[in-house]
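To keep things clear, I will list the structure first and then write my remarks on it.
Here is how names work: the chains are called A, B, and so on, in the same order as the sequence lines, proteins then strands, and each is numbered from 1.
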Amino acid sequence: MNTITIDTIGQYEGETVTLSGWLVHKRSSGKVRFLVMRDGTGIAQVTLVKSEMDEKHFERYDSLTLESSIMVTGVVKKDDRAPGGYEILASQLNILQIAEEYPIAPKEHGVGFLLDHRHLWLRSSKQHAVLRIRHTVIQAARRFFDDRGFILLDAPIMTPVACEGTTTLFKTDYFEEQTAYLSQSGQLYMEAGAMAFRKVYCCGPTFRAEKSKTRRHLTEFWMIEPEVAFADLPDIMELTESLIVTIVKEVLSSNREELRTLGRDVSKLEVIESPFESLSYDRAVRVLRNEGVPFEWGKDFGGSDETLISGRFEKPVFIHRYPASSKPFYMKNDPEKSGVVLCMDLLAPEGYGEIVGGSAREEDPEILCQKLNDAGLSPETFSWYLDLRKYGSVPHAGFGMGIERTVAWICGIPHVRETIPFPRLLQRLYP
RNA sequence: UCCCCAGUAGCUCAGUUGGCAGAGCAGAUGGCUGUUAACCAUCGGGUCCGCGGUUCGAGUCCGUGCUGGGGAGCCA
């Protein structure tokens with residue numbers, strides 16, 4: 001007798017095995033009964049035939065409720081009628097626990113109800129598929145940087161000041177008389193890391209206390225943020241492009257089954273190849289105006305603007321060189337055009353919008369000081385950051401990729417709240 | 001912060017002109033030797049979001065508060 005998991009069941013045809021898991025569904029036709037179980041690796045159907053097993057075990061079926069934990073022993077049989085192609089003809093059914101009445105039915109539920117039961121919702125097949133793809137995305141991204149000689153350098157989550165200075169921060173007490181802020185980006189620390197290790201990245205949660213209520217926002221979300229010394233804007237655009245292509249290819253090869261569960265149109269992902277199109281902000285503004293949008297130069301693009309621009313391409317598209325007024329203080333001025341900074345955003349297709357934002361960083365201490373002042377931030381609180389420009393300042397650049405938005409796009413699901421195990425939203429801190 | 005929508009059984013929802021509170025699913029009980037969200041029969045299940053008002057009478061109309069959802073702004 002082998003204790004196995006469902007993902008490997010095909011290797012055991014004709015053998016007696018034991019599965020452990022949870023009851024997903026049961027159907028009875030009298031003396032032939034079916035139960036569908038999941039074990040975390042897959043789903044399998046178990047058949048109980050009264051005449052072919054111990055009656056005591058057969059009758060245990062009656063007391064089973066949804067999500068009861070069970071162990072089943074039986075022979076693996078190939079059967080096209082079973083979901084997955086294999087089923088277990090049971091000889092034993094052992095119960096670990098009879099579950100209380102399970103709140104999530106295989107029928108429809110409202111979003112609020114499901115989010116209240118997120119700790120249980122994770123068990124359903126669609127959520128399983130999304131979170132497995134999230135795993136692949138993070139693994140592929142980290143492997144991408146590891147393979148290129150980047151050092152993983154974890155950024156702090158509690159910080160003394162704003163990193164970007166503009167967005168709202170979560171505040172918390174830090175012992176007596178001090179305040180800590182939850183990090184909204186690891187970038188400034190990655191810049192310090194790049195001066196020490198040349199190529200670094202971090203991957204972790206970031207926090208923004210913005211009262212945003214859209215399908216693209218969470219108050220706690222994950223970013224992967226590389227930073228590279230002696231790099232300029234084209235360098236990190238190239239890096240971004242290979243990263244995205246690598247991630248999509250990895251999901252296509254590792255998660256076919258999950259993409260099928262989600263009903264994702266895979267052809268939309270199969271076209272994601274180098275090179276990506278690239279538009280300057282100026283050109284993007286002209287595109288919008290040609291479409292009849294009365295867009296004012298100097299403003300940032302709204303959601304509908306991004307959708308309109310990215311809708312013209314079937315691959316992700318870069319928009320670069322935005323007006324300095326709409327961007328944070330650390331971005332480097334474009335030497336060829338005043339009022340513009342050397343930055344880029346990557347917009348995902350199908351209306352998903354911005355998934356990456358990055359820039360060359362200002363390396364001149366005096367200009368950086370001026371930019372801090374212009375942003376209404378005091379250079380004193382950023383003195384450690386200004387040190388990086390005093391002791392061997394070099395050109396450097398980096399970007400941040402939003403994990404949840406990337407996963408939402410790859411999965412083709414409308415809202416980022418399903419792409420993280422326990423979403424934190426404007427009105428939701430539970431469970 | 002602003003705009004729009006919703007709140008009725010455990011869940012998803014219907015409820016007509018203001019006139020006895022409803023369905024499907026889930027649950028319980030029984031039946032069925034190949035079910036796929038099985039099927040058939042029977043049964044139990046309600047603070048109609050809270051408060052105030054109009055009315056002979058309010059789930060329904062009015063006011064107000066709360067909660068949730070969608071969108072805008074801002075952002076990844």
When the [atom1] atoms of [N] and [M] are considered, how many whole Å apart are they?
N     : M     : atom1 : value
B:C62 : B:G24 : C1'   : 34 Å
B:C49 : B:G59 : C1'   : 12 Å
B:G15 : B:C61 : P     : 12 Å
B:G27 : B:G10 : P     : 15 Å
B:G73 : B:A37 : C1'   : 42 Å
B:C4  : B:A58 : C1'   : 26 Å
B:G50 : B:U67 : P     : 15 Å
B:A26 : B:G65 : P     : 41 Å

Within the 4.0 Å heavy-atom criterion, would you say [X] contacts the bases, only the backbone, or no part of the nucleic acid?
X        : answer
A:Phe221 : base
A:Val356 : sugar-phosphate
A:His415 : sugar-phosphate
A:Gly353 : nothing

Within 45° of the axis and under 6.0 Å from the centre of the six-membered ring of [Y], does NZ or CZ of [X] qualify?
X        : Y        : answer
A:Lys371 : A:Phe329 : no
A:Arg286 : A:Trp297 : no
A:Arg148 : A:Phe144 : yes
A:Lys171 : A:Tyr181 : no

For [X] and [N], give me the distance from atom [atom1] to atom [atom2], rounded to whole Å.
X        : N     : atom1 : atom2 : value
A:Arg216 : B:C75 : CZ    : C1'   : 9 Å
A:Phe301 : B:G73 : CZ    : P     : 13 Å
A:Leu425 : B:C75 : CG    : C1'   : 15 Å
A:Tyr322 : B:C75 : OH    : P     : 10 Å
A:His117 : B:G10 : NE2   : P     : 12 Å
A:Glu404 : B:A76 : CD    : C1'   : 9 Å
A:Lys213 : B:U1  : NZ    : P     : 11 Å
A:Ile104 : B:A37 : CD1   : C1'   : 16 Å

Quiz prompt | A:Glu227 and its side chain to side chain donor-acceptor pair (under 3.5 Å) partner, picked from A:Arg198, A:Arg361, A:Gln187 | solution = A:Arg361
Any strand is fair game: report the nucleotide pairing with [N] by Watson-Crick or G-U wobble, both distances under 3.5 Å, or none.
N     : result
B:G52 : B:C62
B:U1  : B:A72
B:A37 : none
B:A6  : B:U67
B:G27 : B:C43

Quiz item: Which one of A:Glu191, A:Glu362, A:Glu363 satisfies the salt bridge (Lys or Arg N to Asp or Glu O under 4.0 Å) criterion with A:Lys332?
Solution: A:Glu363
Quiz item: Hey, do the aromatic rings of A:Phe113 and A:Trp121 have their centres closer than 6.0 Å?
Solution: no
Quiz item: What about the rings of A:Phe295 and A:Phe301, do their centers lie closer together than 6.0 Å?
Solution: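 Ring centres of A:Phe301 and A:Phe295 closer than 6.0 Å.
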Exercise. Answer yes when A:Arg264 and A:Glu350 have at least one side-chain N-carboxylate O distance shorter than 4.0 Å, and no when they do not.
Key: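 Looking at A:Arg264 and A:Glu350, the cut-off is met.
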Quiz prompt | Over 12 non-hydrogen atoms of neighbours within 6.0 angstrom of CG in A:Asp62 | solution =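 Enclosed.
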Practice problem: Taking atom CD of A:Glu277 as the centre, report whether more than 12 heavy atoms of other residues, nucleotides or ligands fall under 6.0 Å from it. | Solution: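 No - once you tally the heavy atoms of other residues, nucleotides and ligands closer than 6.0 Å, there are 12 at most.
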Quiz item: Taking the side chain of A:His217 as heavy atoms from C-beta outward, which of B:C75, B:U35, B:C11 is closest to it?
Solution: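 In terms of side-chain proximity for A:His217, the closest of B:C75, B:U35, B:C11 is B:C75.
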Exercise. Measure from the side-chain heavy atoms of A:Gln427 and tell me the nearest of B:C11, B:G73, B:G69.
Key: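 So the side chain of A:Gln427 is nearest to B:G69.
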Quiz prompt | Nucleotide-resolved protein contact map, nucleotides 21-34 of chain B, B/S/- at heavy-atom distance under 4.0 Å | solution = ----SSS----BBB
Self-check item: CZ-OG1 distance between A:Arg81 and A:Thr47, expressed to the nearest 0.5 angstrom
Solution: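 The CZ atom of A:Arg81 sits 8.0 Å away from the OG1 atom of A:Thr47.
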List, with names and distances, any nitrogen or oxygen atoms from the protein found under 3.5 Å away from nitrogen or oxygen atoms belonging to nucleotides 40-46 of chain B.
none

Self-check item: Position toward the 5' end of RNA chain B (nearest nucleotide), A:Asp305 or A:Asp80
Solution: A:Asp80
Quiz prompt | Under 3.5 Å donor-acceptor pair, A:Ser212 side-chain atoms to B:C74 base atoms | solution =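 Flag set: donor-acceptor pair detected.
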Quiz prompt | A:Arg417 side chain near B:G70 phosphate (N/O to OP1/OP2, under 4.0 Å) | solution =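 For B:G70, OP1 or OP2 has a side-chain N or O of A:Arg417 closer than 4.0 Å.
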